[in-house]
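Atom set for the values below is all heavy atoms of this structure, side chains included, hydrogens, waters and symmetry mates excluded. Keep in mind that what you see is a predicted model, and the values were worked out from it rather than measured. All residue numbers refer to positions in the sequence shown, counting from 1.
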Amino acid sequence: MSQATVDETGNAPATEAPCVTAASRADEERALVDNATTTRPTTVRCLQTVRMATSLEDITSLRLWKGIIAEFVGTLLLVLVGCGSCINLGSEPPSTVQISLCFGLSVATIVWNIGHISGGHINPAVTLALLAARKISLAKAVFFVIFQLVGAVVGAGILMGLTPSAYHGDFGNTLVSKKIDPGKALGVEIFITFVLVFTVFASVDSKRKDINGSTPLSIGLSVTMCHLFAIQYTGSSMNTARSFGPALVTGTWDNHWVYWVGPISGGVLAGLLYEYLFAVNASLNKVRACMLTSDYDDEKFQARKIKVRIIEEDPEAPLETVPLKEHSEKYSPDTSKGIEQY
């Protein structure tokens, strides 16, 4: 959930790390040449690049292939554990709270584990939202989505092998309730995925200084919240890969299109809305640059500083007692003083 949900989407991109792009290596080489021509030695420090890598740079980078493996393993574990919580091996079926907590905690744990490698997307809706906001390259998005789907299928296959056939039941498939039509189910999936992806973007906004909390936990809690609401409507997918894996393994394709159109459209909408309207550095110039320039770089747009005017009172000024009936006539709100006296 961007280096995208966590590092390319904003998880501490200012930490020191080896250069991984051609542009960064070129900067280092120029610095070394300049150092050789000066009399005073200088130290060349290579910081992790913050601009979005191109598709060519990604394909030739070892980091991309490590990220692909991380996304495969992460989505595999999500489907294995999350859908496993839907299996009924006991006398009573799993409760909505049990399933919601399992999916939410699974997402939080997996994002914590692989966030520094791939960003911890484990969800095509998150990946495509980051692509739409131009935070990752097209090559990375394509490879991540493919291996998220493959990981989900493998996870579902492992779960089927671990579960006696007599207890497969719905096998964690996301199914539209018979009490609502597919159109309403589509709306539910759009809204719950919107909540998830909006939380992802807000949590990894590196320019925010108002909140210092756990990014993986906030993302996991958004998943739990939406499951508590939407399980009875659609099974609460929020994740195309999570629905695709069990559907392929069991051959259950009822209204499956809902779990592609809903999460992807809701995720992309949330990503664009946050990035260009609610982000700390959101501006009209940023929107223009994203739409019209080929070298768009989010880091070029700095956060706006909030100007605060502090109004001081004279501590030695005598207090005046005014009868209540005279208050409305003598004391009316005066914005120039900043404080209303009563």
Side-chain angles (χ1 to χ4, degrees), residues 1-13 52-53 55 58 61 63-82 103-104 106-155 192-206 214-220 222-223 226 237-245 259-260 262-272 274-275 298:
M1 10 289 34
S2 71
Q3 308 168 135
T5 62
V6 175
D7 45 1
E8 278 186 11
T9 57
N11 183 22
M52 186 190 79
S55 292
D58 267 334
S61 170
R63 186 178 184 85
L64 170 65
W65 302 103
K66 290 173 63 178
I68 288 172
I69 297 174
E71 288 296 310
F72 169 82
V73 173
T75 315
L76 183 156
L77 294 175
L78 173 63
V79 172
L80 173 62
V81 177
F103 271 99
S106 296
V107 169
T109 302
I110 294 167
V111 171
W112 184 279
N113 289 337
I114 68 172
H116 66 293
I117 303 172
S118 66
H121 304 194
I122 58 174
N123 187 338
V126 173
T127 300
L128 295 177
L130 292 164
L131 175 65
R134 298 187 66 177
K135 287 184 172 292
I136 61 174
S137 70
L138 177 61
K140 173 173 282 190
V142 170
F143 279 112
F144 274 21
V145 169
I146 291 173
F147 279 87
Q148 287 161 1
L149 295 172
V150 173
V153 172
V154 174
I192 61 176
T193 313
F194 181 96
V195 171
L196 168 61
V197 176
F198 199 89
T199 303
V200 170
F201 274 72
S203 299
V204 301
D205 187 346
S206 60
S214 170
T215 295
L217 182 60
S218 65
I219 296 170
S222 72
V223 173
C226 292
S237 172
M238 313 171 68
N239 185 335
T240 301
R242 171 259 181 275
S243 294
F244 178 75
Y259 304 107
W260 285 80
I264 292 174
S265 57
V268 170
L269 177 61
L272 293 176
Y274 181 87
E275 187 66 17
D298 174 55

[X] vs [Y] side-chain heavy atoms within contact, under 4.5 Å:
| X | Y | result |
| --- | --- | --- |
| S214 | W112 | yes |
| F103 | M238 | no |
| H121 | I136 | yes |
| I114 | E71 | yes |
| N239 | F244 | no |
| T215 | V111 | no |

Just how far is it from atom [atom1] of [X] to atom [atom2] of [Y], taken to the nearest 0.5 Å?
| X | Y | atom1 | atom2 | result |
| --- | --- | --- | --- | --- |
| L76 | F147 | CG | CZ | 13.0 Å |
| F144 | L128 | CZ | CG | 12.0 Å |
| C226 | F194 | SG | CZ | 11.0 Å |
| F143 | W65 | CZ | CH2 | 4.0 Å |
| F198 | S203 | CZ | OG | 10.5 Å |
| D205 | E275 | CG | CD | 7.5 Å |

Taking every non-hydrogen atom, the tightest pair across [X] and [Y]:
| X | Y | result |
| --- | --- | --- |
| A129 | V197 | CB-CG1, 3.7 Å |
| V81 | S106 | CG1-OG, 3.5 Å |
| A241 | V79 | O-CG2, 4.5 Å |
| S265 | G262 | OG-O, 3.2 Å |
| I117 | A70 | CG2-CB, 3.9 Å |
| V195 | S222 | CG1-CB, 4.4 Å |

Using only atom types and a distance under 3.5 Å, with no angle test, would you say the side chain of S243 pairs donor to acceptor with the backbone of T240?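 No, S243 side chain to T240 backbone: no donor-acceptor pair under 3.5 Å.
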For the backbone of F72 and the side chain of T75, can you confirm whether one donor and one acceptor N or O come within less than 3.5 Å of each other?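 The answer is no, because no donor-acceptor pair under 3.5 Å joins these two groups.
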Evaluation steps, side-chain contact (heavy atoms from CB on, under 4.5 Å), between L149 and V153: CA-CA 6 Å; L149 295 172; V153 172; 5.7 Å; no
Determine, step by step, whether L196 and N123 satisfy the side-chain contact (heavy atoms from CB on, under 4.5 Å) criterion, reporting the C-alpha distance in whole Å, the side-chain angles of both residues, the deciding distance to 0.1 Å, and the verdict. CA-CA 10 Å; L196 168 61; N123 187 338; 3.5 Å; yes
